Structures are given as structure tokens and as C-alpha cells.
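These notes concern the structure reproduced below.
Every value quoted in this text rests on a predicted model; they were computed, and no experiment measured them.
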Amino acid sequence: MKKLCLLLALLACCLPVLAGYRVVEGVLSHSDIYPGTVHEFVVTIPEVEPVSEFALCVGLDGRLCRAPEVIDSLSALGVVPPMVGVWLQPGRVVDTDGTVLRYNRSNEFDAIDGRFARFLECELLPAALKQADVRASDKPADRMIMGLSSGGIAALVAAWQRPDLFARVFCGVGTFVAMRGGNDVQALVRKTEPPALRVFLQDGSADVWNALFGHWYEGNRMLATALEFAGIQSAFDWGEGGHNVVGATRVFPEALAWLWSEAPARGTTHNNMLQHYLTDDDWHEVKATPAASTAATVAFYPDSTLMVQWHEGDNN
């Protein structure tokens with residue numbers, strides 16, 4: 001499969017843009033999730049025979065890695081489906097005259113609190129797709145998200161937290177270091193039920209090191225082992241490059257072919273504390289029910305011996 005993906009990727013690099021796409025530019029001037037920010041975006045729509053709905057690629061920091069052109073070429077080869085691209089610039093806080101008061105990129109991209117995925121779902125995508133007058137599939141297997149550096153961690157975290165929104169992830173030189181909790185992502189991945197994702201990570205051994213935040217390359221390698229441990233479908237490209245777009249651009253056609261070569265599926269975690277409780281069933285919505293008044297509360301010591309048990313209403 002890797003050889004096939006590489007061959008198709010090489011073909012995509014050599015081919016001209018085959019189908020083409022039209023471009024729609026837009027501005028999201030209001031956000032309840034990030035108050036006071038303005039977000040610019042570009043939507044690319046394939047110029048192909050009309051379909052009821054397209055697959056979707058969300059790109060952070062705009063059109064990196066020649067993504068629209070590579071998607072167009074691989075789509076023409078039948079490697080990936082026709083795909084609408086929504087290419088987002090991070091938010092800016094501006095004065096009444098348009099003067100930039102603060103760039104909100106790190107606050108949006110590096111945080112792991114779930115706001116960014118909610119912003120994409122509730123504010124950006126509805127506005128962008130409406131302005132472009134195009135319909136994109138809402139099935140997670142038809143959606144990918146990509147980014148580099150802080151955009152890389154934002155892409156990975158958005159899909160990991162919300163696998164109902166995105167099932168395919170490309171992350172280059174991701175910032176999985178101690179900035180806004182990024183260093184905790186690998187630990188959280190190890191301890192959590194694996195979602196149905198396909199993830200491609202790229203980084204180089206000359207990526208940056210910072211005495212305060214840590215080592216970018218080390219953070220990516222630790223995340224890679226966490227993904228494998230958690231049973232999440234993943235592939236990696238480790239080179240010697242630094243913190244730039246060069247390595248990600250080089251490997252992106254191959255990564256894109258791999259990401260779409262199979263359907264995302266839930267794997268099996270190696271976390272034996274979780275294995276006992278997990279089933280092979282797909283996730284489904286469960287309605288909460290009130291706890292019965294006779295329910296027992298139980299606590300255990302670390303060695304699993306019973307510490308205490310009591311029922312509601314007990315006075316002991």
C-alpha cells in the first residue's frame with residue numbers, strides 16, 4: 001500500500017492541475033466563541049460534474065503544502081474524492097479602524113479545551129459553505145483536517161476530540177509541547193478509547209527546541225507512539241528537516257493518498273485498563289437516565305481492594 005501511495009503521489013506532483021477549482025473568499029466578522037475576532041477564509045470548489053455533496057478538507061493557516069492543487073490532481077486520478085477546501089486564517093482582534101490589536105492564533109490553535117472544534121462546527125463551516133453556496137458531506141469519513149505547527153496540533157486535537165466531525169488528519173511539525181497543554185495530548189491519547197481516525201504525522205529531527213516549552217520533534221515522536229498504543233490508524237514521516245513547510249509539502253501527496261486509501265476504523269487499544277470495558281460496537285448516543293435511589297457508591301484502593309461502599313441515604 002505504501003508503494004502504491006508513493007507512486008500516486010509522485011504522479012500527482014508531475015501532473016498539471018487537471019480539473020481546476022473556483023475560489024470564493026470570505027470573512028467571518030463575528031464570533032461568540034472567540035469574541036472580538038475576525039477570521040478570513042477561502043473556499044475552493046472543484047470544477048467537476050455536479051454532485052449532491054463533496055468531501056471536505058479544512059486547512060489551517062490557509063492554503064499550505066500546495067494542498068488545493070494536490071487534491072485536484074489526486075482527485076482527477078481517482079485517488080481521493082472531489083473535495084471542497086475551506087482554508088482558514090486564525091483570528092485577529094482589530095480596532096474600529098481595522099488596526100490589528102492582537103493575533104489570536106495560539107489561543108485558538110494551541111489550546112486543547114475543545115473550543116476550536118466547536119468554532120469550526122458551529123461558526124466557520126456553516127458560514128463558509130453558505131457563502132460559497134456548496135454542500136459538503138457531514139459524514140466524518142468524508143472529512144479531513146490539516147495544519148502545520150500550531151495548526152497541526154489544532155487539526156489533531158479537533159479530530160481526536162470530535163471524531164464525529166473529522167476522521168482524517170494531516171499534521172506537520174505539530175506543536176505538542178508545553179504551550180497551552182499540548183504536551184498532555186500524548187498522555188490523554190493513551191488513556192482514552194480510540195476513535196475511528198486515520199492520522200498522518202510529519203516532522204524532522206532539526207525541529208525547534210525551547211528551554212521553556214520543550215522539543216517539537218520529541219513531542220511528535222511521543223505522540224506517534226501514543227497513537228500506536230491507542231490503536232489509532234496512523235502513519236509517520238520522520239526526516240532531518242526543521243520547523244518549516246518544506247518537509248510537509250514534500251510528503252503531502254503521499255500522505256493524502258494514504259489518508260484516503262482506507263476507511264477510518266476503530267482500532268484496539270493496548271491500554272489494558274480500558275480493554276475490559278470497551279466493546280467492538282460503534283459509538284452511539286446514549287440518553288442519560290436518573291440514578292436510582294438504591295444505587296451504591298463504591299471506592300477502591302489502588303490495589304483494587306474495596307475501600308468503602310454506601311447507598312444514598314446511609315448515615316454511616
Side-chain angles (χ1 to χ4, degrees), residues 23-44 57-68 85-128 131 145-162 165-166 169-185 202-203 207-217 219-220 241-249:
V23 176
V24 175
E25 299 181 354
V27 177
L28 185 65
S29 57
H30 173 79
S31 171
D32 291 326
I33 297 173
Y34 298 111
T37 57
V38 174
H39 294 82
E40 297 177 353
F41 61 84
V42 169
V43 182
T44 53
C57 177
V58 173
L60 308 181
D61 287 316
R63 289 171 281 183
L64 301 177
C65 303
R66 298 183 61 249
V86 177
W87 314 98
L88 172 70
Q89 294 294 346
R92 298 172 292 116
V93 178
V94 298
D95 205 347
T96 53
D97 63 355
T99 302
V100 177
L101 302 177
R102 188 183 79 244
Y103 292 96
N104 207 44
R105 183 172 183 264
S106 180
N107 185 45
E108 296 174 11
F109 287 0
D110 289 308
I112 61 172
D113 56 8
R115 283 184 301 163
F116 184 66
R118 186 158 51 90
F119 166 75
L120 294 178
E121 176 190 24
C122 300
E123 296 187 343
L124 174 73
L125 289 176
Q131 178 158 338
I145 185 169
M146 61 174 289
L148 274 61
S149 189
S150 293
I153 184 176
L156 186 283
V157 170
W160 177 69
Q161 290 180 332
R162 294 294 307 276
L165 295 181
F166 305 99
V169 183
F170 176 74
C171 170
V173 294
T175 309
F176 300 100
V177 295
M179 293 180 68
R180 297 179 184 269
N183 55 310
D184 291 330
V185 173
Q202 176 275 327
D203 202 4
D207 204 344
V208 293
W209 177 87
N210 182 288
L212 179 61
F213 299 133
H215 200 301
W216 271 241
Y217 182 63
N220 276 271
H243 197 75
N244 53 52
V245 304
V246 176
T249 302

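Contact between Thr37 and Gly91 at its shortest, heavy atoms only, is CB-CA, 4.4 Å. The two residues Phe213 and Asn210 make their nearest non-hydrogen contact at N-OD1, 3.1 Å. Residues Trp87 and Pro68 approach most closely at CZ2-CG, 3.8 Å, considering heavy atoms. When every heavy atom of His243 is checked against every heavy atom of Ser149, the shortest pair comes out as NE2-OG, 2.8 Å. Residues Cys171 and Phe176 share a closest heavy-atom pair of SG-CE1, 3.7 Å. Across all their heavy atoms, Arg63 and Val23 have their closest contact at NH1-CG2, 4.1 Å.
Inter-residue side-chain proximity for Thr175 and Ser150 is flagged as met; some heavy-atom pair is nearer than 4.5 Å.
Here the CD1 atom belonging to Ile153 is positioned 10.5 Å from the CH2 atom belonging to Trp216, to the nearest 0.5 angstrom. Here the CZ atom belonging to Phe119 is positioned 11.0 Å from the CG atom belonging to Asp32, to the nearest 0.5 angstrom. Atoms CG and CZ, on Asp61 and Phe109 in that order, are 4.5 Å from each other to the nearest 0.5 Å. With rounding to the nearest 0.5 angstrom, the CZ atom of Arg105 is 7.0 Å from the CG atom of Asp110. One finds the CD atom of Glu123 at 7.0 Å from the NE2 atom of His30 (value rounded to the nearest 0.5 Å). Residue Arg180 holds its CZ atom at 5.0 Å from CG of Asn107, rounded to the nearest 0.5 Å.
Between the side chain of Gln161 and the backbone N or O of Phe116, no donor-acceptor pair lies under 3.5 Å. Counting only distance, with no hydrogens or angles, the side chain of Tyr217 and the backbone of Trp209 share no donor-acceptor pair below 3.5 Å. Put simply, the side chain of Asp95 never gets that close to the backbone of Asp97: no donor and acceptor are under 3.5 Å apart. Side chain of Asn220 to backbone of Val173: no donor-acceptor contact under 3.5 angstrom is found. With Ser31 contributing its side chain and Ile33 its backbone, the two residues share a donor-acceptor pair below 3.5 Å.
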Review point. Under the side chain to side chain donor-acceptor pair (under 3.5 Å) criterion, do Glu108 and His39 qualify, and how do the steps go?
Key: CA-CA 11 Å; Glu108 296 174 11; His39 294 82; 2.9 Å; yes

Practice item. Dump the intermediate steps for side-chain contact (heavy atoms from CB on, under 4.5 Å) on Leu148 and Cys65, then the final yes or no. Key: CA-CA 9 Å; Leu148 274 61; Cys65 303; 3.9 Å; yes

Review point. Where do Asn183 and Val177 land on the side-chain contact (heavy atoms from CB on, under 4.5 Å) test, with the steps shown first?
Key: CA-CA 4 Å; Asn183 55 310; Val177 295; 5.5 Å; no

Exercise for review: Test Leu120 against Leu165 for side-chain contact (heavy atoms from CB on, under 4.5 Å), laying out the working first.
Suggested key: CA-CA 9 Å; Leu120 294 178; Leu165 295 181; 5.6 Å; no

